[in-house]
Structure formats: structure tokens, C-alpha cells
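What follows is a set of notes on a single structure, which appears directly below.
All of these numbers come straight from a predicted model, not from anything done at the bench.
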Amino acid sequence: MVNAADISVPSTRQAGAVGLVLAALLSGPFGGAVAALLFPRVGVDGVVTLRLTIAALVLLAVCRPRVRGYRRADWLLIAGFGAALAGMNTLAYHAIALIPLGPVVMLEVLGPLALSVVTARRAASWLWAGLAAAGVALLSSTGFDRLTPAGIGFAAAAGAVWAGYIVASARAGRRFPKADGLALAMTAAAVITLPFGVGTAQTRLLPPYVLTMGAAVALLSSALPYTLELLALRRMPTTTFAVLMSLGPAVAAVAGYVVLHQQLTPAEGLAIALVVAANIGAVRTRESAG
């Protein structure tokens with residue numbers, strides 16, 4: 001006989017996971033907006049280095065991950081996870097330096113959207129792909145004075161790497177205890193990006209104001225949201241996680257407005273709404289197909 005306690009535990013666990021994802025959604029875009037304030041001082045690569053290095057130091061201090069007892073396959077996963085973190089952050093920040101924050105995140109989610117459409121193998125998935133295409137076309141129609149081809153390319157590339165990040169994060173969460181996999185991968189990402197950041201910014205990375213702002217970016221954009229996402233992926237299906245993360249463009253648009261005073265045109269707002277709806281629909285279609 002099934003008692004009430006057996007039924008309530010899964011729903012409570014699911015609700016807690018949803019709360020983790022929503023907290024990550026709020027933290028990440030506002031960290032990206034703060035990062036944009038640092039671009040004029042240390043450049044994009046300098047901000048990426050600050051973000052990943054400080055986040056790695058924080059995670060290493062908090063998690064104190066063990067480094068013995070893992071197999072070669074585990075370290076290859078960490079290397080791939082770290083490369084995904086480095087690539088996703090670098091590409092996204094180069095995009096943010098060129099176009100508004102809301103459209104950047106909107107274009108980023110096209111990567112996970114394309115993955116959902118292809119893997120679902122259902123006719124309905126192509127309806128969602130068409131809806132997303134309509135959103136991108138509408139966004140492009142606003143003109144390239146705000147949306148440069150380079151910015152669009154960086155954001156789209158970041159989306160492609162984001163799909164790989166989701167897969168690597170889920171696997172690391174299953175193979176490594178607590179947030180150890182994330183701490184090790186963040187360290188790998190910091191090592192990858194450090195030469196570029198130091199090479200371009202040099203001593204401009206060292207003033208107290210820059211380090212303080214960098215710490216804020218690291219906590220808001222990396223340490224906090226990635227930890228929350230990794231913990232959430234242990235408690236919910238990847239498809240449910242992807243549906244919730246589809247709300248990212250809307251949150252990013254709000255962060256861009258509040259921190260950077262970036263106002264979206266009605267056409268841009270509608271384009272973001274179309275892509276958010278398409279991503280949610282595509283993920284749910286894939287989930288029903290499975």
C-alpha cells in the first residue's frame with residue numbers, strides 16, 4: 001500500500017528543483033549585465049578571465065573536490081565540460097559587447113532548441129522550429145544598427161556550445177559527488193581562458209574596483225547559477241530543465257533594461273516571446289515523444 005509520505009516526496013523534490021532553476025535564471029542574466037559594465041575597462045577576454053578564475057577559486061575553496069580515484073573517462077568529461085564553459089562564456093560575452101542582452105540570450109537558446117527538434121523526430125517539432133525562425137526573422141527586421149552580424153554570430157555559436165554544456169553538466173552531476181565536477185570543470189575553463197585575458201588586459205585586471213566587480217560577476221554568472229543548475233539536473237529530467245531555461249531571454253531582457261538601460265522595441269520583444277514559446281513547445285514535444 002502506498003502512503004501519503006511516499007507520494008509527497010517526489011513532488012517536493014521536483015518543486016525544490018524548479019526553485020533552483022528559477023534562482024539560476026535570475027542570477028545569470030544580471031551577472032551578464034554587470035559584466036558588460038566592465039568591458040570598457042578590461043575588455044571582453046579580461047572579464048571572462050576574471051569571471052571564470054574567481055568562480056573557480058570560490059568553488060575550489062567551498063567544495064574542496066578530491067582529485068584521486070577518477071578514471072581517464074572522468075577526466076575527459078571534465079576537460080570537455082571545462083571547454084564548454086570557456087567557449088560558452090567567451091562567445092556570449094563577445095556577443096553582449098555588440099548587441100543587447102535580451103537578443104543575445106534569445107539567440108543562445110536556439111542551440112538547445114535545434115537539439116530538441118532534431119532528436120524528437122516528430123512533425124510537430126518542425127512547427128516549433130518555424131516559430132523560432134519567425135522570431136529570428138522578426139529580430140533581424142529591426143535593422144543591424146543594434147544587431148550586428150558579428151554579434152548575432154557570436155550569440156548563435158554560444159547557443160551551440162550551450163547545448164553541449166547541458167549534456168556535460170548532467171553527466172558530471174551523475175559521476176561526481178556534490179558540486180565537485182563543476183569545481184574541477186570551472187578550474188579547467190579558467191586555465192583555458194587565462195592566457196587570453198591576461199594577454200589583453202594585463203595589469204588592468206588588478207585594481208580593487210575591477211576585482212570587486214569581477215567577483216560579483218563570478219558569483220552571479222558562474223558560481224551560483226551553475227551550482228544551482230547542476231543540483232537541479234540531479235532532481236529533474238533534462239527536458240523539464242530545458243523548458244524552464246527557455247525563460248532566460250525574457251529574464252535577460254529585464255536585466256538589460258534594469259542594469260544597462262537597454263530598451264527593446266516591440267518587434268524585439270515579440271521576437272523573444274516567439275523563440276521562448278518555440279523552445280518550450282519543442283522540448284515538450286520531445287518529452288512526449290520519449
message: According to a hydrophobic-cluster definition based on side-chain heavy atoms being under 4.5 Å apart (Ile, Leu, Val, Met, Phe, Trp, Tyr only), do V34 and V210 belong together?
response: yes
query: A35 and V47: which non-hydrogen atoms are nearest, and at how many Å?
result: CB-CG1, 3.7 Å
Using atom types as modelled, flag every donor-acceptor pair under 3.5 Å from a side chain in residues 185-204 to any protein atom, sequence neighbours excluded.
unit_1: T187; atom_1: OG1; unit_2: A183; atom_2: O; d: 2.8
unit_1: T193; atom_1: OG1; unit_2: A189; atom_2: O; d: 3.1
unit_1: T193; atom_1: OG1; unit_2: A190; atom_2: O; d: 3.4
unit_1: T200; atom_1: OG1; unit_2: F196; atom_2: O; d: 3.0
unit_1: T200; atom_1: OG1; unit_2: G197; atom_2: O; d: 3.2
unit_1: R204; atom_1: NE; unit_2: A201; atom_2: O; d: 3.3
unit_1: R204; atom_1: NH1; unit_2: R41; atom_2: O; d: 3.1
unit_1: R204; atom_1: NH2; unit_2: T200; atom_2: O; d: 2.6

statement: Closest non-hydrogen contact found for V161 with M88 is CG1-N, 3.7 Å
Gap separating the CG atom of N89 from the OH atom of Y165, nearest 0.5 angstrom: 9.0 Å
task: Evaluate the criterion side chain to side chain contact (heavy atoms under 4.5 Å, CB included) for residue pair L224 and L219; output intermediate values, then yes/no.
output: CA-CA 6 Å; L224 182 59; L219 292 174; 5.5 Å; no
query: If you round to the nearest 0.5 Å, how far is CG of L211 from CG of L205?
result: 7.5 Å
Donor-acceptor under 3.5 Å (S221 side chain, G32 main chain): yes
query: Quick one: CG on L184 to CG on L59, what's the gap to the nearest 0.5 Å?
result: 10.0 Å
query: Cluster question for you: counting only ILVMFWY and a side-chain heavy-atom cut-off of under 4.5 Å, with indirect links fine, are I54 and L206 together?
result: no
Under 3.5 Å, which donor-acceptor pairs link side chains of residues 67-80 to any protein atom two or more places apart or in another chain?
unit_1: D74; atom_1: OD1; unit_2: R175; atom_2: NH1; d: 3.2
unit_1: D74; atom_1: OD2; unit_2: R71; atom_2: N; d: 3.0

message: Show, in sequence, the C-alpha distance, side-chain angles and deciding distance for K178 and L231, and conclude whether the side chain to side chain contact (heavy atoms under 4.5 Å, CB included) test is met.
response: CA-CA 8 Å; K178 300 180 182 179; L231 295 175; over 6 Å; no
message: Applying a strict under-4.5 Å side-chain criterion to I, L, V, M, F, W and Y, I'd like to know whether V42 and L37 cluster together.
response: yes
statement: Closest non-hydrogen contact found for A155 with A95 is N-CB, 3.6 Å
Output field: ring centroids F39/Y93 closer than 6.0 Å: yes
- request: Spell out, yes or no, whether L182 and L52 are grouped together once hydrophobic residues are joined by side-chain heavy atoms under 4.5 Å, including indirect joins.
  value: yes
field: Atom of P103, atom of P100 and distance for their closest heavy-atom approach
entry: CD-O, 3.3 Å
field: Expected output: side-chain T212 to main-chain P208 donor-acceptor under 3.5 Å
entry: yes
message: Measuring from atom CZ of F154 to atom OG1 of T90, what distance do you get when rounded to the nearest 0.5 angstrom?
response: 10.0 Å
Please list every donor-acceptor pair under 3.5 Å in which a side-chain atom of residues 16-29 meets a protein atom from a residue at least two apart or in another chain.
unit_1: S27; atom_1: OG; unit_2: L220; atom_2: O; d: 2.4

Any side-chain heavy-atom pair of D180 and R64 under 4.5 Å: no
- prompt: Are any of the side-chain heavy atoms of P65 and F176 separated by less than 4.5 Å?
  reply: no
